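Note on naming: letters A, B, ... go to the chains in the order of the sequence lines (proteins, then strands), and numbering restarts at 1 for each one. This is a predicted model, so every value here is computed, not measured.
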There are 2 protein chains.
Amino acid sequence: MLSNSRVAYREHNHLRCQNAAMQRARSLCEQHKVRLTPIRENVLRLLWQSHRPLGAYEIIEQLSDAGEKSVKPPTVYRAIDFLLEQGLAHRLATLNAYIGCPFPGNPHRFAVFVCQACGSAAESSFEAIDNAIGAAAARADFEVHGQAVEVTGLCPQCRGKADD
Amino acid sequence: MLSNSRVAYREHNHLRCQNAAMQRARSLCEQHKVRLTPIRENVLRLLWQSHRPLGAYEIIEQLSDAGEKSVKPPTVYRAIDFLLEQGLAHRLATLNAYIGCPFPGNPHRFAVFVCQACGSAAESSFEAIDNAIGAAAARADFEVHGQAVEVTGLCPQCRGKADD
DNA sequence: CGCATAACGTTATAACATTACATAAATATG
DNA sequence: CATATTTATGTAATGTTATAACGTTATGCG
Ligand SMILES: [Zn+2]
Ligand SMILES: [Zn+2]
Ligand SMILES: [Zn+2]
Ligand SMILES: [Zn+2]
């Protein structure tokens, strides 16, 4: 079981998260002989600016603000597609948003836990979830190809604050 | 564990599914003292025309074709919102589509299994999945409010056909 | 270099969903 | 029953997310 929930919801030196993610990305792209171009790298860095999932148009806006010329949707969507293909990012269907994967390189199914209060998301690859889904699928004689498990609720930090 | 996977992927007398669903809906709405207006009823019936999730604009199109005047998005989205609130339908975030709930009235978490080949979706409320999610959440000290579990793959029928 | 492929730029548009405000129907209240 | 209130619907416009189509530039290779 891999999870970044210990760190994602807490105060922490996030620059380390970001730098480590960028380092892993460079390394994996080299390994896979694919190009982590400046655009792709910039998008990934934005996804890692925090543990909050980012919408495509937020990325477009931030990239446009950063550079001189306005960035168009296809540019960003292509970068996102690349990151998704390489397993460097995930798409959260319930939010129409994207998040950097903390465990790229380890092919994994995952569940994501999104805090409704602070917006932070942690990823967990907990085998028991996959196994339970597999068991339910087996009963239905269904062959699983992919899964999306997205949980909303309150993270420990936010739960402490407003405990109504 | 409730599931409609036995029937959803197979040839069956679907009219019975539809009629039963409409009957349950009428009964539940009466019970909850809310109004199953003609628009709402028509939308629900369309969702139950098969076990394939339907997009909002497919509903709009079908309703427009059926009546004389064209139906506008808010009309359908309002009906959908009503059905979601009453637990008569579910939204599938990965598909931007909606499906009639086979087990309304029983408050339940659920997973949905969508066949990539034929598009049919079955719903399963398998406690083991919820328990596993609960366990993962507990480890992260996360308080679960809602969950979306959407699985893609091949149903028994379609698996038999193209077994590559 | 000359070619092939991959990446990017640009315009337009598709697909999904909501806001805002006017009207009508249903229900409650005296 | 009249009328006030609430609930539901009609309508136009717009917001949000994502992709299609096509041309250009950059990169890698023989
Ligand atoms: Zn961090
Ligand atoms: Zn939080
Ligand atoms: Zn059926
Ligand atoms: Zn199928």
Side-chain angles (χ1 to χ4, degrees), chain A residues 25-26 28-44 46-47 52-64 66-86 88-99 114 119 148 150, chain B residues 25-26 29-30 32-44 46-47 52-64 66-86 88-99 114 119 148 150:
Chain A
R26 275 187 288 271
L28 279 169
C29 286
E30 198 167 339
Q31 223 174 290
H32 295 155
K33 307 224 187 298
V34 295
R35 288 163 53 201
L36 189 64
T37 62
I39 293 176
R40 292 165 176 176
E41 192 170 348
N42 288 338
V43 170
L44 184 60
L46 283 180
L47 289 181
R52 293 193 30 238
L54 222 52
Y57 279 73
E58 293 182 272
I59 296 173
I60 290 169
E61 201 177 331
Q62 293 199 36
L63 282 183
S64 296
E68 53 260 14
K69 21 177 54 176
S70 88
V71 172
K72 310 295 184 194
T75 302
V76 164
Y77 278 102
R78 284 193 280 236
I80 290 171
D81 287 344
F82 171 85
L83 297 172
L84 295 177
E85 278 164 16
Q86 299 301 318
L88 294 167
H90 299 303
R91 176 178 146 81
L92 304 190
T94 50
L95 298 177
N96 291 328
Y98 305 87
I99 190 169
V114 184
E150 303 181 16
Chain B
R26 275 186 289 270
C29 286
E30 198 167 338
H32 295 157
K33 307 222 187 300
V34 294
R35 289 162 53 199
L36 189 63
T37 63
I39 293 177
R40 293 164 176 177
E41 192 170 349
N42 288 338
V43 170
L44 184 60
L46 284 180
L47 289 182
R52 293 191 33 238
L54 223 53
Y57 277 73
E58 293 182 270
I59 297 173
I60 290 169
E61 201 176 333
Q62 292 198 37
L63 281 183
S64 296
E68 53 260 12
K69 20 176 52 176
S70 88
V71 172
K72 311 296 185 194
T75 302
V76 164
Y77 278 103
R78 284 192 280 234
I80 289 171
D81 287 346
F82 171 85
L83 297 173
L84 295 177
E85 278 164 16
Q86 298 301 319
L88 294 167
H90 298 303
R91 176 178 146 83
L92 303 190
T94 51
L95 299 176
N96 291 329
Y98 305 86
I99 189 169
V114 184
E150 304 182 16

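- Spacing between atom NZ of A:Lys72 and atom P of D:dA20 amounts to 19 Å, rounded to whole angstrom units.
- Here B:Arg78 lies in heavy-atom contact (under 4.0 Å) with a base.
- Considering only heavy atoms from C-beta on, B:Ile60 stays 4.5 Å or farther from B:Ser70 through its side chain.
- The distance from atom OG of B:Ser64 to atom NZ of B:Lys72, rounded to the nearest 0.5 Å, is 7.5 Å.
- Per the geometry, CG belonging to B:Leu83 stands 12 Å off P belonging to D:dA8, to the nearest Å.
- With the nearest nucleotide of DNA chain C identified for both A:Arg40 and B:Gly55, A:Arg40 has the one nearer the 5' end.
- By the neighbour-count criterion of 12 heavy atoms within 6.0 Å, atom CZ of A:Arg52 is sparsely surrounded, having that number or fewer from other residues, nucleotides or ligands.
- Positionally, the nearest nucleotide of DNA chain D for B:Pro73 lies more toward the 5' end than for the other of B:Pro73 and A:Pro73.
- For A:Leu63 and C:dG9, the CG to C1' distance is 14 Å, given to the nearest whole Å.
- Rounded to whole Å, the distance from CG on A:Leu95 to C1' on C:dA17 is 16 Å.
- Out of D:dT11, D:dT17, C:dC16, the shortest distance to the side chain of A:Tyr77 is found at D:dT17.
- Note: CG (B:Leu84) to P (C:dA17) measures 10 Å, nearest angstrom.
- At C:dA17, one or more side-chain N or O atoms of B:Asn96 fall inside 4.0 Å of OP1 or OP2 (strictly under the cut-off).
- Here D:dT9 presents its P atom at 12 Å from CD of B:Glu41, a figure rounded to the nearest Å.
- Between B:Val34 and B:Lys69, the one whose closest nucleotide on DNA chain D sits nearer the 5' end is B:Val34.
- Residue B:Glu61 contributes atom CD, which lies 10 Å from atom P of C:dA15 at whole-angstrom precision.
- Counting only heavy atoms from C-beta on, B:Tyr98 has its side chain closest to C:dA17 among D:dA18, C:dA17, C:dT10.
- Side-chain contact check for B:Leu54 versus B:Ile99: every heavy-atom pair is 4.5 Å or farther apart.
- Applying the 3.5 Å distance criterion, the base of C:dA14 shares no donor-acceptor pair with the side chain of B:Tyr57.
- The shortest side-chain heavy-atom distance between A:Leu63 and A:Ile59 falls under the 4.5 Å cut-off.
- Distances shorter than 4.0 Å separate none of the side-chain N or O atoms of A:Thr75 from OP1 or OP2 on C:dT10.
- The side chain of B:Arg35 lies closest to D:dT7 when the candidates are D:dT7, C:dT18, C:dC8.
- Nearest to the side-chain atoms of A:Ile39 among the listed nucleotides C:dT10, C:dA17, C:dG9 stands C:dG9.
- Taking atom CD of residue A:Glu58 and atom C1' of nucleotide D:dT17, one finds them 12 Å apart after rounding to whole Å.
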